[in-house]
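Step one of this worksheet: look at the structure below.
The residues of the chain are indexed from 1 along the displayed sequence.
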Amino acid sequence: MKTLRDVKVGEHAVIVKLHGEGALKRRIMDMGLTKGTEIYVRKVAPLGDPMELTVRGYELSVRKGDAELIEVR
């Protein structure tokens with residue numbers, strides 16, 4: 001299973017599935033990260049946390065713990 005955390009800087013990915021439950025899953029979905037959404041990884045902080053993404057035309061920072069819950073292809 002490939003997660004958002006595995007995507008390298010400069011690469012695109014498409015969300016396949018969101019793992020996690022309840023409020024955590026809802027928060028991820030509220031950020032616009034839903035099944036079928038294309039993501040572009042712009043930058044990763046020096047220690048790997050957070051990741052800066054381009055999603056639906058806006059910039060978004062996601063913690064690596066949350067990125068591990070997002071399955072991509």
At their closest point, which heavy atom of Met1 faces which heavy atom of Asp6, and how far apart are they?
-> O-OD2, 4.1 Å

May I ask you to check whether over 12 heavy atoms, not counting those of Arg63, lie within 6.0 Å of atom CZ?
-> no

Stepwise, does the side chain to side chain contact (heavy atoms under 4.5 Å, CB included) test hold for Val62 with Leu33?
-> CA-CA 10 Å; Val62 176; Leu33 301 174; 4.3 Å; yes

Begin from the C-alpha positions of Val41 and Met51 and carry the test side chain to side chain contact (heavy atoms under 4.5 Å, CB included) through to its verdict.
-> CA-CA 7 Å; Val41 179; Met51 301 174 74; 4.0 Å; yes

Tell me, please, which residues at least two apart from Arg26 pass side-chain hydrogen bond (donor to acceptor under 3.5 Å, both in side chains).
-> Asp30

Residues in side-chain hydrogen bond (donor to acceptor under 3.5 Å, both in side chains) with Asp49, at least two apart?
-> none

Indicate if Val14 and Leu18 have the same hydrophobic cluster label, given that clusters are the connected sets of ILVMFWY residues with side-chain heavy-atom separations under 4.5 angstrom.
-> no

Atom pair CG/CG of Leu53 and Leu4 - distance to nearest 0.5 Å | 5.5 Å

Report the C-alpha distance between Thr3 and Ile70 in whole Å, list the side-chain angles of each, state the deciding distance to 0.1 Å, and finish with yes or no for side chain to side chain contact (heavy atoms under 4.5 Å, CB included).
-> CA-CA 5 Å; Thr3 65; Ile70 302 169; 6.0 Å; no

For Arg42, check salt bridge (Lys or Arg N to Asp or Glu O under 4.0 Å) against everything at least two apart and list the hits.
-> Glu52, Glu59

With sequence neighbours left out, what residues match Glu38 under salt bridge (Lys or Arg N to Asp or Glu O under 4.0 Å)?
-> none

Any pair with a residue in residues 7-25 that passes salt bridge (Lys or Arg N to Asp or Glu O under 4.0 Å), sequence neighbours left out, goes on the list, sorted by first then second residue, please.
-> none

By ring-ring contact (aromatic ring centres under 6.0 Å, His included), His19 pairs with (sequence neighbours left out) none

Any chance NZ of Lys2 has more than 12 other-residue heavy atoms, nucleotides or ligands included, within less than 6.0 Å?
-> yes

Interatomic spacing from CD1 in Ile15 to CD in Glu71 - rounded to 0.5 Å | 11.0 Å

Here the pair of heavy atoms bringing Met29 nearest to Thr34 is O-CG2, 4.1 Å

Minimal non-hydrogen separation, Val72 against Ala13, with atom names = CB-CB, 3.9 Å

Heavy-atom closest pair, residues Asp66 and Ile28 | O-CD1, 4.3 Å

